[in-house]
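The structure under discussion appears below in the form of structure tokens.
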Amino acid sequence: MSGPRQVLLQRLAPDVVVAQLGDDGDRGEVVRLREDELPAFVGGLEGTGAGSGPRWVWDDTTRWYPQVLAAGGRVRRCTDLRLVHRVLRRSPVVDQALLTGPDTAAWDEAQPLLLSGTALGGSAPAPEGLFELHPPAGLLDAAAELARQEAALAASPARGHLQLLAAAESAAALAAAEMTHAGLPWRADVHDRLLVTHLGPQPAAGEAPAALAAALARTRQALDAPSLNPDSPADLQRALRRAGLELPDTRSGTLSQVEHPAVAPLLEHRRLSRLHAANGWRWLREWVREGRYRPDHLPGGVVSGRWAAQGGGALSVPAVLRPAVVADDGWRLVVADVAQLEPRVLAAVSGDVDLARAAAGGDLYQGVVDSGAVATRSDAKLAVLGAMYGATAGSGGRMVEHLARRYPRAVEHLETAAAAGERGEVVRTWLGRGSPRPSGSWTQQAPDVPATDAELRERRSWGRFTRNFVVQGSAAEWASSWVALLREELWRLGGAGAGRVEQRPHLVLFLHDEVLVHTPAALADEVVGAVRTAAERAGRLLYGGFPITFPLDVHVCRSWADADDG
DNA sequence: AGACCGTGCGCC
DNA sequence: AAAGGGCGCACGGTCT
């Protein structure tokens, strides 16, 4: 007996859920449920066997999946209409007329429902709640939107690619919800010990840690400024000027270029005060509960398609605190990152087989050196990064010229994207995500009106953005696909039996080109295989037979800190 | 008191 | 080893 291939869920009112069971286009049975009956309903159709389960269609994964996970459930696949809507709305290869309906504006504005800092943590204010404010996101007509999206996809000349992107985004939404549900293992005791090492014992509320106070005292003394507040750029710049240092700004890089006895304590104060303010004891109290850190993960949260995260700065966990990320007893972390993801993606999307060949040895930068384009590995890095970011001046700019001679297709792909951006045009990623339209006076200028310097600057700046967009965005969709496929592979590893997501090998963090998997120790080797398999599958899925590989650095370890090579 | 912006810095 | 892309977050400072 096989269940429906698709189930569309819709809320008619706060406690009234309607499920339409059907196969493509066919509306079959309609079932009404209460909210609390949802997990059992989902579990009943999802089954336990591999490959079973329908495609769940819902307005927004963040409004359906957390309760299923909390009840111990899991779904295999879904369509996240909010995420797919956002992609299609901005894609230059979609006929917008097909996507437009009476409630399109509401779909445009739909926001994910965040969990961080609300229900579980407690103290933070104002949940952006399920039914508070505009109920719309919960009450939009999902069936109508699905029909519009399917029509828009079917009519697109880039149908295949866009469907991959829609599937990847939706699967990413599932992975993101599971990551928040399981949480990143976080040892508060280790974190505290690290803070004591760097800052001294935890001070009384409102007081500065000893090491911070000492650095401040030395800074004030060296500048002969007893009431200096180094957190105030204006105050600091004044004090520096009195000491004979005229600096354009007070950034660390600028400071470290001058010689003055105040610089060292000042920079130490910066470093420590940053640690204390961003990831100190307050952070620990606010974000870590029962050995887990649970930020919200937001696939497609960044214009380029990269994931964003909210709650505690999850994407910038400082390196010094990574020892606090430790697998549970009997478990391991599998940490994997892709070497040189963006230049590899550049080779693929531009069809530059020479750059792909340079990447084939495993170290793309070394490959660029070996091809004779530049002399040293660091020049190669400078050249490649400069090309992707739009460096013009300095050695970065010079190196790009060398790169262009040897890899004209890759460099031309970037130049074309930059030129389109400077003309105010939209560019797209490999799978069809469109860049936002620029605004500003330079976009509406008649050709015969001379631009001001400011306008020229903005124009070039937008060109650098679109130049980077095609690479960063295409890399982001490769990475989301990797995560989506890895999620599948991991579930398979857990065995056919039951078991919650967090009791089997599961993703706990994703950082643009790096994943952390928490796994029972006995399965760690298989997880390593799964991570590699998923990367290979992602490459084939997106780029077919194009000869680019995505080599991974993979480490099995107890702590994230142990994953730095070796 | 709260909204907003600029500066600076952590990460990729 | 240059300064070119993307974020989230804390803080100072200003405005309302």
Side-chain angles (χ1 to χ4, degrees), chain A residues 114 116-117 125-126 228-238 247-257 266-267 269-280 282-283 286-287 295-298 300-322 337-343 346 376-400 414 417-418 421 427 429 435-436 457 460-476 479 509-515 560:
Chain A
L114 302 183
S116 60
L228 169 73
N229 175 8
D231 287 341
S232 163
D235 194 19
L236 179 55
Q237 207 163 12
R238 271 192 301 274
L247 299 178
D249 55 64
T250 61
R251 289 198 275 261
S252 303
T254 309
L255 290 167
S256 58
Q257 281 163 18
L266 193 48
L267 292 180
H269 183 272
R270 275 270 169 80
R271 190 173 57 80
L272 297 178
S273 114
R274 165 89 194 170
L275 177 64
H276 183 235
N279 295 96
R282 195 178 52 201
W283 184 95
E286 187 174 357
W287 293 112
D296 279 300
H297 301 279
L298 304 170
V302 174
V303 283
S304 66
R306 274 187 172 183
W307 292 28
Q310 226 165 68
L315 299 185
S316 47
V317 173
V320 292
L321 291 185
R322 293 184 181 189
D337 72 285
V338 192
Q340 304 133 1
L341 174 59
E342 289 189 353
L346 171 61
T376 67
R377 191 176 183 281
S378 73
D379 284 350
K381 199 168 170 176
L382 220 55
V384 172
L385 294 179
M388 293 191 305
Y389 290 152
T392 50
S395 43
R398 276 197 307 284
M399 288 302 155
V400 173
L414 297 166
V427 298
T429 63
S435 62
R457 237 192 337 272
R460 279 194 298 269
S461 167
W462 194 259
R464 285 192 300 274
F465 168 64
T466 53
R467 167 196 296 271
N468 187 252
F469 182 92
V470 298
V471 182
Q472 187 184 116
S474 299
L509 195 62
F510 167 55
L511 294 167
H512 311 306
D513 62 359
E514 179 176 10
V515 293
W560 190 7

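So you know, we letter chains A, B, ... as the sequences are listed, proteins then strands, and number each from 1.
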Applying a 4.0 Å non-hydrogen cut-off, can you work out what [X] is touching in the nucleic acid: base, sugar-phosphate, or nothing?
X: A/Gly253; answer: nothing
X: A/Ala319; answer: sugar-phosphate
X: A/Val471; answer: nothing
X: A/Asp249; answer: sugar-phosphate
X: A/Ala309; answer: sugar-phosphate
X: A/Arg467; answer: nothing
X: A/Arg460; answer: nothing
X: A/Gly397; answer: nothing

Requested in this report: Kindly give the heavy-atom pair with the smallest separation between A/Trp307 and A/His512, and that separation in Å.
Outcome: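 Taking every non-hydrogen atom into account, O-CE1, 3.9 Å.
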
Query raised in the report: Closest heavy-atom contact between A/Val400 and A/Ala387?
Result: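 Closest approach of A/Val400 to A/Ala387: CG2-N, 3.5 Å.
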
How close or far is atom [atom2] of [N] from atom [atom1] of [X], stated in whole angstroms?
X: A/Leu236; N: B/dG8; atom1: CG; atom2: P; value: 9 Å
X: A/Leu315; N: C/dC7; atom1: CG; atom2: P; value: 12 Å
X: A/Trp560; N: B/dG10; atom1: CH2; atom2: C1'; value: 12 Å
X: A/His297; N: C/dG8; atom1: NE2; atom2: P; value: 14 Å
X: A/Leu298; N: B/dC12; atom1: CG; atom2: P; value: 19 Å
X: A/Leu267; N: B/dG8; atom1: CG; atom2: P; value: 13 Å
X: A/Arg306; N: C/dG6; atom1: CZ; atom2: P; value: 10 Å
X: A/Gln257; N: C/dA1; atom1: CD; atom2: P; value: 14 Å

Interatomic spacing from [atom1] in [X] to [atom2] in [Y] - rounded to 0.5 Å:
X: A/Leu266; Y: A/Ser252; atom1: CG; atom2: OG; result: 8.0 Å
X: A/Leu321; Y: A/Trp283; atom1: CG; atom2: CH2; result: 7.5 Å
X: A/Trp462; Y: A/Phe469; atom1: CH2; atom2: CZ; result: 9.0 Å

All N/O pairs under 3.5 Å across the protein-nucleotides 2-4 of chain B interface:
none

Minimum-distance nucleotide to [X] side chain [options: [options]]:
X: A/Arg322; options: C/dG6, B/dC12, C/dG8; result: B/dC12
X: A/Val302; options: B/dG10, C/dG12, C/dG6; result: C/dG6
X: A/Val303; options: C/dG6, C/dA10, C/dG13; result: C/dG6
X: A/Arg464; options: B/dG8, C/dG5, C/dC11; result: C/dG5
X: A/Ala308; options: C/dG8, B/dG10, C/dG5; result: C/dG8
X: A/Ser232; options: C/dG13, C/dA10, C/dG6; result: C/dG13
X: A/Asp231; options: B/dG8, C/dG5, C/dC11; result: C/dC11

Please check the phosphate of [N] (OP1 and OP2 only) for any side-chain N or O of [X] closer than 4.0 Å.
X: A/Arg271; N: B/dC9; answer: no
X: A/Arg274; N: B/dG10; answer: no
X: A/Asn279; N: B/dG10; answer: no
X: A/Thr250; N: B/dG8; answer: yes
X: A/Ser252; N: B/dG8; answer: no

Query raised in the report: Between the side chain of A/Ser474 and the main-chain N/O of A/Val470, is any donor-acceptor distance below 3.5 Å?
Result: yes

Query - 5′-ward residue of the pair A/Ser378/A/Gly390 relative to DNA chain C - result: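 That would be A/Ser378.
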
**Report entry** Comparing A/Gln310 and A/Ala391 on DNA chain C - which has the more 5′ nearest nucleotide
**Finding:**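 That would be A/Ala391.
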
Query raised in the report: Just by distance, with hydrogens left out, do A/Thr376 and A/Asp379 show a side-chain donor and acceptor under 3.5 Å apart?
Result: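 A donor-acceptor contact under 3.5 Å links the two side chains.
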
Query raised in the report: Are the side chains of A/Val303 and A/Ser435 in touch, meaning some heavy atoms are under 4.5 Å apart?
Result: no

Report task. Using the salt bridge (Lys or Arg N to Asp or Glu O under 4.0 Å) rule, take A/Arg306 and A/Glu342 through it: C-alpha gap first, then chi angles, then the decisive distance, then the call. Result -> CA-CA 12 Å; A/Arg306 274 187 172 183; A/Glu342 289 189 353; 3.5 Å; yes

